[in-house]
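Residue numbers count from 1 along this sequence. Quick note: numbers below take in every heavy atom, side chains included, and nothing from hydrogens, waters or symmetry partners.
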Amino acid sequence: MSQQSTPLLTLAVLATAAIAAQRFVTPTGAQAGAGANALGVSRTAGAIGDRVPTDAIGTTVVQSGAAVAAGATIQSDANGKAITWASGARLAFALEAATAADQFIEVLLIQNAA
């Protein structure tokens with residue numbers, strides 16, 4: 001799976017909870033939950049109080065929570081991983097497929113709202 005990305009805007013987000021690398025992150029600095037709105041995707045892991053680089057615009061690499069088809073609209077699962085959109089905030093478009101959970105895929109981030 002991909003490890004390439006073209007972020008156009010990466011923000012330093014103050015973590016208010018533990019954040020794993022390559023997961024969706026909320027505007028309040030926590031790892032996103034199921035269907036939650038997200039600011040972007042973390043580039044590294046962080047503990048409470050850390051500044052975590054978070055890709056907010058452009059393409060990024062995110063960890064999958066299930067199989068995802070290329071071109072699918074993406075949302076966050078309960079652990080901040082990418083899954084195919086069913087309800088809640090639309091966060092990205094899959095630029096490549098994941099055949100199972102815990103693969104890393106490139107996605108195009110989109111403006112979102114729950």
Side-chain angles (χ1 to χ4, degrees):
M1 300 283 89
S2 181
Q3 287 297 315
Q4 73 177 15
S5 65
T6 308
L8 301 177
L9 176 63
T10 302
L11 302 171
V13 174
L14 182 63
T16 58
I19 297 172
Q22 296 174 313
R23 304 281 180 95
F24 288 109
V25 176
T26 69
T28 60
Q31 199 164 276
N37 191 12
L39 178 66
V41 174
S42 59
R43 289 179 86 55
T44 64
I48 294 172
D50 289 346
R51 293 263 179 206
V52 178
T54 302
D55 293 338
I57 299 175
T59 73
T60 191
V61 175
V62 67
Q63 189 172 7
S64 67
V68 174
T73 302
I74 300 296
Q75 75 177 69
S76 175
D77 73 2
N79 298 307
K81 296 179 182 181
I83 59 172
T84 302
W85 180 82
S87 65
R90 294 177 174 117
L91 305 178
F93 295 110
L95 297 179
E96 56 191 355
T99 57
D102 298 323
Q103 296 179 346
F104 296 92
I105 58 171
E106 186 177 13
V107 298
L108 174 64
L109 296 168
I110 58 175
Q111 289 182 328
N112 60 90

Distance check, rounded to the nearest 0.5 Å: [X] atom [atom1] versus [Y] atom [atom2]?
X: S42; Y: Q31; atom1: OG; atom2: CD; answer: 7.0 Å
X: D55; Y: F24; atom1: CG; atom2: CZ; answer: 11.0 Å
X: T60; Y: L109; atom1: OG1; atom2: CG; answer: 6.0 Å

I want to check something: taking the side chain as every heavy atom from C-beta on, are [X] and [Y] in contact at a cut-off of under 4.5 Å?
X: Q63; Y: Q103; value: no
X: V62; Y: I105; value: yes
X: L91; Y: I110; value: no
X: D102; Y: K81; value: yes

- Message: side chain to side chain donor-acceptor pair (under 3.5 Å) for Q22 and R43? Distances and angles first, verdict last.
- Response: CA-CA 5 Å; Q22 296 174 313; R43 289 179 86 55; over 6 Å; no
Side-chain hydrophobic cluster, 4.5 Å single linkage: members besides L39
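Via sub-4.5 Å side-chain contacts, L39 links to L8, L9, L11, V13, I19, V25, V52, I57.
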- Message: Between Q4 and E106, does the side chain to side chain contact (heavy atoms under 4.5 Å, CB included) criterion hold? Intermediate values first, please.
- Response: CA-CA 7 Å; Q4 73 177 15; E106 186 177 13; 3.1 Å; yes
For [X] and [Y], work out which heavy atoms get closest and say how close.
X: D50; Y: A47; value: OD2-N, 2.7 Å
X: I48; Y: A18; value: CG1-N, 4.2 Å
X: R51; Y: P53; value: O-CD, 3.7 Å
X: V41; Y: V61; value: CG1-O, 3.5 Å
X: T54; Y: G40; value: CG2-C, 3.7 Å
X: A72; Y: V68; value: CB-CG1, 4.1 Å

Q | side chain to side chain contact (heavy atoms under 4.5 Å, CB included) between T73 and F93, intermediate numbers included | A | CA-CA 5 Å; T73 302; F93 295 110; 3.5 Å; yes
Between the main-chain N or O of [Y] and the side-chain N or O of [X], is there a donor-acceptor pair closer than 3.5 Å?
X: S76; Y: G33; value: yes
X: T26; Y: T28; value: yes
X: S64; Y: A100; value: yes

Examine the side chains of Q75 and R90 and answer whether a donor and an acceptor come within less than 3.5 Å of each other.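 The criterion, which ignores hydrogens and geometry beyond distance, is not satisfied for R90 and Q75.
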